[in-house]
> 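Take a look at the following structure, please.
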Amino acid sequence: MITITTKQEMQQLAKQHKTDGNSIGFVPTMGYLHVGHLKLVKEAKKNNDIIIMSIFVNPLQFGPGEDYEAYPRDPERDKQLAEEAGVDILFMPSPGNMYQNEKSIRMTVLRRTDTLCGVNRPGHFDGVVTVLSKLFNIIMPDRAYFGLKDAQQFAVVSGLVEDLDFPLELIPVETVREASGLAVSSRNVYLNEKERIQASALYKSLQKAKELINSGIQDIEAIICEVKDYMKANMEGDIDYVELLSFPELEQITVLKGKVIIAVAVKFSKARLIDNIIIDI
Ligand code: AMP
């Protein structure tokens with residue numbers, strides 16, 4: 001594995017691989033790697049000649065008061081894990097290199113952001129699409145791999161790729177979970193012992209919703225109430241939202257039909273966790 005730290009070198013190398021006829025699978029991350037990230041690499045290895053992973057904690061997608069400075073980082077461990085997983089090129093640019101010049105363009109996401117995490121994180125997805133547009137142009141992937149744990153991100157990035165005609169395929173990857181059902185996340189390190197146990201209630205509440213839907217319940221409000229009640233009874237975190245929406249449009253629905261997402265967000269003392277399940281009805 002080679003590690004590259006500037007976008008100029010990275011783009012040069014990506015161009016060379018394209019010229020040589022190699023297909024590129026791209027796994028964008030913010031590092032502090034865990035089994036969720038490594039699953040994306042595993043999927044990417046099935047269909048591509050070269051695997052490029054980026055590790056970049058993107059300042060643009062963090063709001064004031066969010067955890068940009070405190071976001072967990074461990075580049076040496078990340079390098080080792082990426083290499084073991086079979087990454088060929090690890091791209092770790094600095095913010096100064098990625099955002100070299102004063103900006104002349106600002107990207108604004110118009111759809112799929114007025115709900116879920118978009119509500120309490122204004123500008124977050126604008127930052128996400130900005131950095132991904134840059135990364136897609138630098139790395140020129142044939143396929144880019146995204147976890148469905150961040151389902152809203154996947155929905156927004158699908159809109160980006162469609163709108164701007166990026167010549168790549170987006171590949172969604174199922175959420176990797178701990179044995180308790182808790183979705184693996186870099187932010188889980190912020191949980192204390194008690195919260196970590198309680199946090200499995202997020203997934204269990206989603207499973208509850210799935211059972212209700214499978215048993216033929218059609219009342220969306222009733223399903224949302226059950227999910228909230230289950231979480232309140234089993235954890236002390238503050239519920240940020242529980243939503244049942246169409247996927248990937250992320251629009252309110254009145255009838256349970258087609259692809260739907262049930263998504264939850266909960267604030268614990270130091271961590272805000274999200275989880276979701278997507279069901280095809
Ligand atoms: P992050 O480093 O948190 O920005 O995540 C980088 C990528 O890994 C995103 O596409 C995430 O959706 C994905 N990811 C994070 N956690 C998981 C997980 N538990 N299972 C699958 N993918 C994940």
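All ligand and atom numbering here is 1-based and tracks the order in the structure.
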> Think Arg177 forms a cation-pi with Tyr203, using NZ or CZ under 6.0 Å from the six-ring centre and within 45 degrees of its axis?
yes
> Are more than 12 heavy atoms, taken from residues, nucleotides or ligands other than Glu174, located less than 6.0 Å from that residue's CD atom?
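For Glu174, atom CD is not crowded (no more than 12 foreign heavy atoms under 6.0 Å).
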> Does Tyr68 have Arg73 sitting over its ring (NZ/CZ under 6.0 Å from centre, angle to axis within 45°)?
yes
> Going by distance alone, is a donor N or O of one side chain under 3.5 Å from an acceptor N or O of the other, for Asp49 and Ser23?
yes
> Testing the 3.5 Å rule here: is there a donor-acceptor pair between the side chains of Asn214 and Glu211?
no
> Check ligand 1 against Thr175 and write out every atom of the ligand that is under 4.0 Å from a heavy-atom position of the residue.
19 (N), 20 (N), 21 (C)
> Of Gly147, Ser54, Pro28, which has the heavy atom at the shortest distance from atom 6 (C) of ligand 1?
Pro28
> Heavy atom to atom 14 (N) of ligand 1, shortest distance: which of Asp150, Asp275, Val57 holds it?
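Residue with the shortest heavy-atom distance to the ligand atom: Asp150.
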> Note the single closest protein heavy atom to atom 19 (N) of ligand 1, along with its residue, its atom name and the distance in Å.
Val184 O, 2.8 Å
> Between Glu249 and Arg111, does any NZ, NE, NH1 or NH2 come within less than 4.0 Å of an OD or OE carboxylate oxygen?
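Salt bridge flag = no for Glu249 with Arg111.
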> Looking only at heavy atoms of Arg177, does any of them come nearer than 4.0 Å to an atom of ligand 1?
no
> Could you find the nearest protein heavy atom to atom 4 (O) of ligand 1 and give me its residue, atom name and distance?
Met30 CG, 3.6 Å
> So, does Lys149 sit close enough to ligand 1 that a heavy atom of it is under 4.0 Å from the ligand?
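Checking ligand 1 against Lys149, which is what was asked, there is a heavy-atom contact under 4.0 Å.
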> Answer yes or no for His34: is there a heavy-atom contact with ligand 1 below 4.0 Å?
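Heavy atoms of His34 do come under 4.0 Å of ligand 1.
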> Between Leu40 and ligand 1, find which residue part has any heavy-atom pair under 4.0 Å and reply side chain, backbone, both or neither.
side chain
> In terms of residue, atom name and distance, what is the protein heavy atom nearest to atom 20 (N) of ligand 1?
Val176 N, 2.8 Å
> Does atom NZ of Lys208 have more than 12 heavy-atom neighbours from other groups under 6.0 Å away?
no
> At what distance is the nearest protein heavy atom to atom 1 (P) of ligand 1, and which residue and atom is it?
His37 NE2, 3.6 Å
> In terms of ring plane angle, is the pair Phe154 and Phe247 parallel, tilted or perpendicular, where the classes change at 30° and 60°?
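If you compare the ring of Phe154 with that of Phe247, the planes turn out parallel.
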